[in-house]
J.: 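Take this structure, written in structure tokens, and hold onto it; I'll ask about it next.
Numbering starts at 1 and runs along the sequence shown.
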Amino acid sequence: DSSHQLIYGADDRGICVAVITGQRYPSRIAITMLKELYTQFQFHHGEAAVMAPKGGSSSKGAVKEATKLLRDFCDSYADPTNVDSSQKVLSQVENVKGRMQDNIANMLHNTENAEALAERSDQLNEQADIFRIKSTALKKDMWWKNIKTNILLLIIAAVVLLIIVVPIFFH
């Protein structure tokens with residue numbers, strides 16, 4: 001289980017180019033980088049690279065130029081989306097996919113909230129129906145009590161009136 005990959009190539013004159021990338025870095029882009037690097041290296045150093053003395057002793061200026069060239073390539077190829085339109089599209093697809101997943105999660109959350117609100121609304125409707133039924137029954141009970149009270153008051157008033165009027169007529 002390696003976390004890196006080595007991609008390399010060489011020409012018939014002995015110039016070898018290689019790149020080590022992460023395992024997930026697209027090989028196709030790494031190969032494109034090697035081809036461009038080879039072309040640029042040939043352009044800048046040409047035959048001097050082939051004629052470099054064995055043992056590796058070369059001028060410090062050539063090493064600095066090669067180091068700068070390599071650094072520039074590493075910087076420009078660090079993000080595959082900067083050099084490859086298909087990688088850019090894949091990156092955009094991943095971003096859209098992530099947003100879609102977030103939207104679906106939000107939609108599910110909103111659906112759960114809507115269901116909870118609908119359930120609460122149903123409960124309130126049931127309670128309102130119960131309240132209406134009880135208030136109607138209470139209204140009827142109070143009406144009957146009021147009628148009974150009025151009848152009782154009429155009877156008491158009639159008795160009091162009879163108590164007052166009957167002795168006056170019989171005297």
J.: Out of curiosity, Lys134 NZ to Gln127 CD, how far, rounded to the nearest 0.5 Å?
T.: 10.5 Å
J.: So, do Gln42 and Thr39 sit near enough that their side-chain heavy atoms are less than 4.5 Å apart?
T.: no
J.: Consider only side-chain heavy atoms of I, L, V, M, F, W and Y, link residues closer than 4.5 Å, and tell whether Phe43 and Val17 are in one cluster.
T.: no
J.: Apply the test side chain to side chain contact (heavy atoms under 4.5 Å, CB included) to residues Tyr8 and Leu6: give CA-CA distance (whole Å), side-chain angles for both, the deciding distance (0.1 Å), then the verdict.
T.: CA-CA 7 Å; Tyr8 61 93; Leu6 172 66; 4.0 Å; yes
J.: How long is the span from the OG1 atom in Thr32 to the CD1 atom in Ile7, to the nearest 0.5 Å?
T.: 10.0 Å
J.: For residues Tyr77 and Tyr25, report the shortest heavy-atom separation together with the two atoms involved.
T.: O-OH, 2.6 Å
J.: Would you say the side chain of Lys140 lies within less than 4.5 Å of the side chain of Thr136, judging by non-hydrogen atoms?
T.: yes
J.: How long is the gap from CE on Met33 to OG1 on Thr21, to the nearest 0.5 Å?
T.: 9.5 Å
J.: Side chain to side chain contact (heavy atoms under 4.5 Å, CB included) between Asp141 and Lys145: does it pass, once the steps are laid out?
T.: CA-CA 6 Å; Asp141 287 346; Lys145 280 185 180 180; 5.5 Å; no
J.: Can you tell whether the side chains of Asp129 and Arg132 come within less than 4.0 Å, N to carboxylate O?
T.: yes
J.: Taking atom CD1 of Ile20 as the centre, report whether more than 12 heavy atoms of other residues, nucleotides or ligands fall under 6.0 Å from it.
T.: no
J.: Could you tell me which non-hydrogen atom of Gln5 sits nearest to which non-hydrogen atom of Ser27, and how far apart they are?
T.: OE1-OG, 3.2 Å
J.: With the 4.5 Å side-chain cut-off for hydrophobic clustering, are Phe169 and Ile164 part of the same group?
T.: no
J.: Is there a path of hydrophobic side-chain contacts, each under 4.5 Å between heavy atoms, that joins Met142 and Ile151?
T.: no
J.: Taking atom CG of Asp122 and atom CD of Glu119, what is their separation to the nearest 0.5 Å?
T.: 8.0 Å
J.: Could you tell me the separation between the CG atom of Leu34 and the CZ atom of Phe41, rounded to the nearest 0.5 Å?
T.: 13.0 Å
J.: Rounded to the nearest 0.5 Å, how far does OG of Ser76 lie from CZ of Arg71?
T.: 13.0 Å
J.: Test Leu152 against every option in Thr149, Ile156, Asn150 by the side-chain contact (heavy atoms from CB on, under 4.5 Å) rule and name the one that passes.
T.: Ile156
J.: Working note: Ile31 + Val19, criterion side chain to side chain contact (heavy atoms under 4.5 Å, CB included); need CA distance, chi angles, decisive distance, verdict.
T.: CA-CA 9 Å; Ile31 291 168; Val19 65; over 6 Å; no
J.: Same cluster for Ile155 and Ile147 if Ile/Leu/Val/Met/Phe/Trp/Tyr side chains link at under 4.5 Å?
T.: yes
J.: Of all heavy-atom pairs between Gln23 and His4, which one has the smallest distance, and what is that distance?
T.: OE1-O, 3.1 Å
J.: Answer yes or no: is there an ion pair linking Asp72 with Lys68, defined by an N-O contact shorter than 4.0 Å?
T.: yes
